[in-house]
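Okay, structure first, notes after.
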Amino acid sequence: QVQLVESGGGSVQAGGSLRLSCAASANLNNRPCLAWFRQTPGKEREGVAALYRTGTTYYADIVKGRFTISRDNAKNTVDLQVDSLKPEDTAMYFCAAAPPGIGCYSPPLAQSNYKYWGQGTQVTVSS
């Protein structure tokens, strides 16, 4: 069991940056994959970035080159650096962790890989 708490959201103008952080109540080192998702009202939750235990990262095409996922083992957090923000990036952002195990199924942003979810942090981008 692990609890996840996101922080770092806020309101920024287009082109701005934020650093989202997800603090975990348990060690994340044994999770085969970690990820960030986002959701806007009336739309399906979509994956934006995933991080395998090996260090390999995976990004949705819509954020590739602008978002960076990373893990801080000392702080037990998984972070998402979001740069060059666009109004269409406005959403509630959630972090997620897979249960301890061998690996994650492909594609890495399949929601079925993730058992533990945070409550979310809101990102609002104005034009």
Side-chain angles (χ1 to χ4, degrees):
Q1 188 79 358
V2 62
Q3 293 182 329
L4 304 173
V5 179
E6 300 93 337
S7 62
S11 297
V12 296
Q13 290 190 323
S17 298
L18 288 169
R19 188 172 185 85
L20 310 183
S21 187
C22 175
S25 62
N27 196 323
L28 293 174
N29 291 339
N30 60 352
R31 309 289 165 162
C33 54
L34 305 164
W36 283 88
F37 290 77
R38 68 186 185 186
Q39 188 172 23
T40 54
K43 295 184 69 175
E44 295 287 322
R45 186 161 50 188
E46 63 177 356
V48 296
L51 173 64
Y52 286 104
R53 181 168 46 203
T54 58
T56 301
T57 56
Y58 178 89
Y59 297 94
D61 288 342
I62 54 174
V63 304
K64 200 172 292 183
R66 300 189 298 121
F67 289 13
T68 304
I69 188 171
S70 62
R71 182 173 62 199
D72 187 325
N73 291 329
K75 296 180 179 179
N76 213 27
T77 62
V78 55
D79 300 330
L80 186 69
Q81 178 68 36
V82 295
D83 297 319
S84 302
L85 283 163
K86 305 175 181 179
E88 51 264 43
D89 293 320
T90 295
M92 185 72 78
Y93 284 71
F94 302 88
C95 66
I102 297 174
C104 292
Y105 293 104
S106 182
L109 290 175
Q111 295 189 47
S112 56
N113 280 321
Y114 303 97
K115 181 177 180 180
Y116 304 102
W117 297 82
Q119 294 299 306
T121 186
Q122 177 69 35
V123 173
T124 303
V125 185
S126 58
S127 58

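What you see below is based on every heavy atom in this structure, not just the backbone, and it leaves out hydrogens, waters and symmetry mates.
- Every residue two or more places apart in sequence or in another chain that forms a side-chain contact (heavy atoms from CB on, under 4.5 Å) with Ser84 is listed here: Arg66.
- The minimum heavy-atom distance linking Ala97 with Leu34 is given by the pair CB-CD2, 3.7 Å.
- Among all heavy-atom pairs drawn from Val2 and Ala24, the shortest one is CG2-CB, 3.9 Å.
- In terms of heavy atoms, Arg53 sits closest to Asn30 at NH1-O, 3.0 Å.
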Check your understanding: After noting the C-alpha distance and the side-chain angles of Gln3 and Tyr116, does the key distance pass the side-chain contact (heavy atoms from CB on, under 4.5 Å) rule?
Key -> CA-CA 7 Å; Gln3 293 182 329; Tyr116 304 102; over 6 Å; no
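- Each salt bridge (Lys or Arg N to Asp or Glu O under 4.0 Å) pair with one or both residues in residues 32-41, not counting sequence neighbours, appears once here: Arg38-Glu46, Arg38-Asp89.
- Not counting sequence neighbours, the partners of Arg19 by the salt bridge (charged side-chain N to carboxylate O under 4.0 Å, His left out) test are Asp79.
- Distance CG/Asn73 to CG/Asn29: 4.5 Å, rounded to 0.5 Å.
- Inter-residue side-chain proximity for Leu80 and Val48 is flagged as met; some heavy-atom pair is nearer than 4.5 Å.
- Note on Val63 and Met92: separate hydrophobic clusters, where clusters join Ile, Leu, Val, Met, Phe, Trp and Tyr whose side-chain heavy atoms are under 4.5 Å apart, directly or indirectly.
- Taking the side chain as every heavy atom from C-beta outward, Thr90 and Gln122 approach each other to under 4.5 Å.
- What you find for Gly9 and Thr121 is that their closest heavy atoms are N-OG1, 3.0 Å.
- Judged as a salt bridge (Lys or Arg N to Asp or Glu O under 4.0 Å), not a single pair has a partner in residues 108-127 (not counting sequence neighbours).
- Pairs engaging residues 68-112 under the ring pair (Phe, Tyr, Trp, His ring centres under 6.0 Å) rule: none recorded [sequence neighbours left out].
- Applying the disulfide bond (SG atoms under 2.5 Å apart) test to residues at least two apart or on different chains, the pairs with a partner in residues 51-97 are Cys22-Cys95.
- Taking every heavy atom of both residues into account, Ala91 and Thr40 meet most closely at CB-CG2, 3.6 Å.
- Within the 3.5 Å criterion, the main-chain N or O of Glu6 finds no donor-acceptor partner in the side chain of Gln119.
- Under the side-chain contact (heavy atoms from CB on, under 4.5 Å) criterion, Val5 pairs with no residue, sequence neighbours left out.
- Residues satisfying the ring-ring contact (aromatic ring centres under 6.0 Å, His included) criterion with Phe37, sequence neighbours excluded, are Tyr114, Trp117.
- Put simply, the side chain of Asn76 never gets that close to the backbone of Ala23: no donor and acceptor are under 3.5 Å apart.
- Identified under the disulfide bond (SG atoms under 2.5 Å apart) test for residues 40-88, with sequence neighbours left out: none.
- The structure places OG1 of Thr124 at 10.5 Å from CG of Leu85, a figure rounded to the nearest 0.5 Å.
- Between Pro87 and Ser127, the shortest heavy-atom contact is CG-CB, 3.9 Å.
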Check your understanding: Run the side-chain contact (heavy atoms from CB on, under 4.5 Å) check on Val82 and Val123 step by step: do they pass?
Key -> CA-CA 10 Å; Val82 295; Val123 173; 5.6 Å; no
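- Residue pairs that meet the disulfide bond (SG atoms under 2.5 Å apart) test with at least one member in residues 96-127, sequence neighbours left out, are Cys33-Cys104.
- Applying the ring pair (Phe, Tyr, Trp, His ring centres under 6.0 Å) test to pairs two or more places apart or on separate chains, none has a residue in residues 50-78.
- With sequence neighbours excluded, the residues that form a side chain to side chain donor-acceptor pair (under 3.5 Å) with Lys64 are Asp61.
- Between Arg31 and Pro100, some side-chain heavy-atom pair lies under the 4.5 Å cut-off.
- In terms of hydrophobic clustering, with Ile, Leu, Val, Met, Phe, Trp and Tyr side chains grouped at heavy-atom distances under 4.5 Å, Ile69 and Leu109 are assigned to different clusters.
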